[in-house]
Amino acid sequence: MTFQITPFIMLNGNAREAIRFYESALEAKVVFMETFGEGPEDQSHPLPTHSKDWVAHAVLKIGEAELFVADTISDKPNETGNRLQICITTPDTETSARFYNALLDGGQVVMPLQEVYFSPALGIVTDRFGITIQVYTPGNKAKDGTVQ
């Protein structure tokens, strides 16, 4: 696998509206979408009832390019500066750890690099230039058995 860099739009409960807009305006095709309610429940971080139908992750194809879109559930407000993020997909967890740790030089942790149900390594950092970058390794199986 080669590296992949994908723009990632993070919204506050209106990701579905944005997806419909991009389908119309950009002829985007939704190739994957999952809501927060469809994912596994984390008892230590209960999901707010109003956000169960929010988009946890969507992949849109626009021509040959991909665009990720999701809603964010966070105690930090979603502002103009953090709505657009970059997702770097790496071939393995070691590369993810190397990239994540390098980006932390002068940066801040948004989410520690960790295993989540759809990935053996996912972490989010805002680098020293104020750019929020998600570092992601695919590999864990989704509910339907496919590898994400």
Has S24 got a side-chain atom pairing as donor or acceptor with F21's backbone, closer than 3.5 angstrom? no
Taken to the nearest 0.5 Å, the spacing of I5 CD1 from T90 OG1 works out to 11.5 Å
Heavy atoms of other groups near H50 NE2, more than 12 under 6.0 Å: yes
For L67 and P7, work out which heavy atoms get closest and say how close. CD1-O, 3.7 Å
Between G37 and L47, the two heavy atoms sitting closest are N-CD2, 4.0 Å
Quick one: do V109 and V125 satisfy side chain to side chain contact (heavy atoms under 4.5 Å, CB included)? Show the steps, please. CA-CA 5 Å; V109 171; V125 62; 5.5 Å; no
Return yes if some donor-acceptor pair links the side-chain N/O of D71 with the main-chain N/O of V55 below 3.5 Å, else return no. yes
S119 side chain vs T137 backbone, donor-acceptor pair below 3.5 Å: yes
Using the side chain to side chain contact (heavy atoms under 4.5 Å, CB included) rule, take R83 and L11 through it: C-alpha gap first, then chi angles, then the decisive distance, then the call. CA-CA 6 Å; R83 286 189 188 141; L11 298 167; 4.3 Å; yes
R128/Q108 under side chain to side chain contact (heavy atoms under 4.5 Å, CB included): CA gap, chis, key distance, verdict: CA-CA 8 Å; R128 69 171 83 177; Q108 294 181 308; over 6 Å; no
How many angstroms lie between atom CD of Q134 and atom CG of L103, to the nearest 0.5 angstrom? 12.0 Å
Does the ring centre of F99 sit less than 6.0 Å away from the ring centre of F3? yes
Has T35 got a side-chain atom pairing as donor or acceptor with E38's backbone, closer than 3.5 angstrom? yes
Working for side chain to side chain contact (heavy atoms under 4.5 Å, CB included), residues N12 and T72: CA-CA 6 Å; N12 276 340; T72 183; 3.4 Å; yes
Pairwise side-chain contact, I73 with W54, heavy-atom cut-off 4.5 Å (strictly under): yes
For the side chain of D92 and the backbone of T95, is there at least one donor-acceptor N/O pair under 3.5 Å apart? yes
Test your reading of the model: is there a side-chain donor-acceptor pair from R16 to the backbone of D53, 3.5 Å cut-off? yes
At their closest point, which heavy atom of A70 faces which heavy atom of A56, and how far apart are they? CB-O, 3.2 Å
Whether H57 and F68 hold their rings parallel, tilted or perpendicular, with breakpoints at 30° and 60°: perpendicular
Once rounded to the nearest 0.5 Å, what's the spacing between atom CG of L113 and atom CD1 of I124? 10.5 Å
Point-to-point distance, once rounded to the nearest 0.5 Å, from CD1 of I86 to OG1 of T132: 9.0 Å
Note, K61 side chain near E27 side chain (heavy atom, < 4.5 Å): no
Contact summary for Y100 and M111, nearest pair of heavy atoms: OH-O, 3.0 Å
Kindly give the heavy-atom pair with the smallest separation between C87 and F8, and that separation in Å. CB-CD1, 4.1 Å
To the nearest 0.5 angstrom, please state how far the CG atom of L60 sits from the OG1 atom of T6. 11.5 Å
Quick one: pull up CD in E115 and OH in Y117 and give me the separation to the nearest 0.5 Å. 13.0 Å
